Amino acid sequence: MKLVTAVIKPFKLDDVREALSEIGIQGVTVTEVKGFGRQKGHTELYRGAEYVVDFLPKVKIEIAVDSGMVDQVIEAVTKTANTGKIGDGKIFVTPLEQVIRIRTGESGPDAL
Ligand SMILES: Nc1ncnc2c1ncn2[C@@H]1O[C@H](COP(=O)(O)OP(=O)(O)OP(=O)(O)O)[C@@H](O)[C@H]1O
Ligand SMILES: [Mg+2]
């Protein structure tokens, strides 16, 4: 199993959620975060306003999936979160050791 963590522009969240549903993703965790990328110290547009601060609002989406689904998830997020402008975000893929579904006690891929 893998944990796919995507940091995206907040206004893209609905589109990404829809694309993830379409490929059969059953659960996601979303967190409002702040961050910066390579343009640290430079300006970036957010809702029409130019920010000169280092940290910009982003949304972090965490998706735990069976390893075979990773490419599909990356494709879905990349396609829908892309505007072609700076600050579109990043996707991190990490190994996921174990998942437990609390209600049923199921574990591993069955618990996803
Ligand atoms: N190396 C990193 N480690 C952790 N988080 C990162 C990293 N790079 C980017 N992020 C997160 O992703 C968000 C968006 O990054 P961003 O898309 O600006 O990356 P970038 O490398 O500057 O690419 P671009 O040139 O397209 O802007 C950042 O605000 C930050 O939250
Ligand atoms: Mg950037």
Side-chain angles (χ1 to χ4, degrees):
M1 294 176 289
K2 303 280 187 195
L3 181 65
V4 181
T5 304
V7 180
I8 63 164
K9 287 179 171 167
F11 80 97
K12 283 290 191 179
L13 179 59
D14 278 349
D15 289 347
V16 171
R17 182 189 48 77
E18 228 166 83
L20 291 172
S21 294
E22 273 167 24
I23 60 168
I25 294 302
Q26 310 260 33
V28 300
T29 301
V30 174
T31 317
E32 289 178 12
V33 295
K34 287 179 180 178
F36 63 80
R38 296 183 190 200
Q39 291 81 17
K40 183 188 172 211
H42 293 255
T43 57
E44 190 180 309
L45 283 176
Y46 175 68
R47 289 190 172 168
E50 232 181 321
Y51 279 68
V52 288
V53 290
D54 285 353
F55 291 106
L56 285 166
K58 300 286 172 184
V59 165
K60 183 171 79 173
I61 308 173
E62 291 167 302
I63 314 135
V65 288
D66 220 346
S67 300
M69 284 289 292
V70 169
D71 289 347
Q72 267 181 275
V73 170
I74 290 172
E75 196 195 354
V77 175
T78 307
K79 269 190 188 166
T80 47
N82 188 304
T83 69
K85 303 214 173 87
I86 58 169
D88 273 352
K90 247 160 228 190
I91 301 172
F92 307 94
V93 181
T94 47
L96 182 60
E97 214 163 277
Q98 185 58 291
V99 175
I100 293 102
R101 191 176 184 192
I102 293 175
R103 179 173 62 85
T104 59
E106 291 165 286
S107 61
D110 289 344
L112 289 169

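Because the structure is predicted, anything quoted here is derived from the model rather than measured. Counting convention: from 1, in listed order, for ligands and their atoms alike.
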*Interfacing atoms of ligand 1 (cut-off 4.0 Å, heavy-atom, D88)*: 17 (O)
*asked:* Would K90 count as being in polar contact with ligand 1, using the rule that some N or O on each side must be under 3.5 angstrom apart?
replied: yes
*For G87, counting its heavy atoms only, list the atoms of ligand 1 lying under 4.0 Å from any of them.*
16 (P), 17 (O), 18 (O), 24 (P), 26 (O), 27 (O)
*Can you figure out which of G37, A81, G35, A6 has its heavy atom closest to atom 29 (O) of ligand 1?*
G35
*Any N or O of K34 that comes nearer than 3.5 Å to an N or O of ligand 1?*
no
*asked:* Looking only at distances, can you tell me whether any N or O atom of I86, backbone or side chain, sits closer than 3.5 Å to an N or O atom of ligand 1?
replied: no
_For I102, I'd like to know if atom CD1 has over 12 heavy atoms of other residues, nucleotides or ligands within 6.0 Å._
no
_Can you confirm whether I86 sits close enough to R38 that some side-chain heavy atom of one is under 4.5 Å from a side-chain heavy atom of the other?_
no
_Is there a polar contact, in the sense of an N or O pair closer than 3.5 Å, between L56 and ligand 1?_
no
*So, is V7 polar-close to ligand 1, with some N/O to N/O distance under 3.5 Å?*
no
*F55: heavy atom below 4.0 Å from ligand 1, yes or no?*
no
*Heavy atoms, side chains only, cut-off 4.5 Å: are I74 and V93 in contact?*
yes
_salt bridge (Lys or Arg N to Asp or Glu O under 4.0 Å) partners for E62, two or more places apart_ = none
*Which bit of R38 is near ligand 1, meaning a heavy atom under 4.0 Å away: side chain, backbone, both or neither?*
both
*Name all residues meeting the salt bridge (Lys or Arg N to Asp or Glu O under 4.0 Å) criterion together with K79; count only those two or more places apart in sequence or in a different chain, and write none if there are none.*
E75
*Does CD belonging to E32 count more than 12 external heavy atoms closer than 6.0 Å?*
no
*asked:* Quick one, I61 and L13 - any side-chain contact, counting heavy atoms below 4.5 Å?
replied: yes
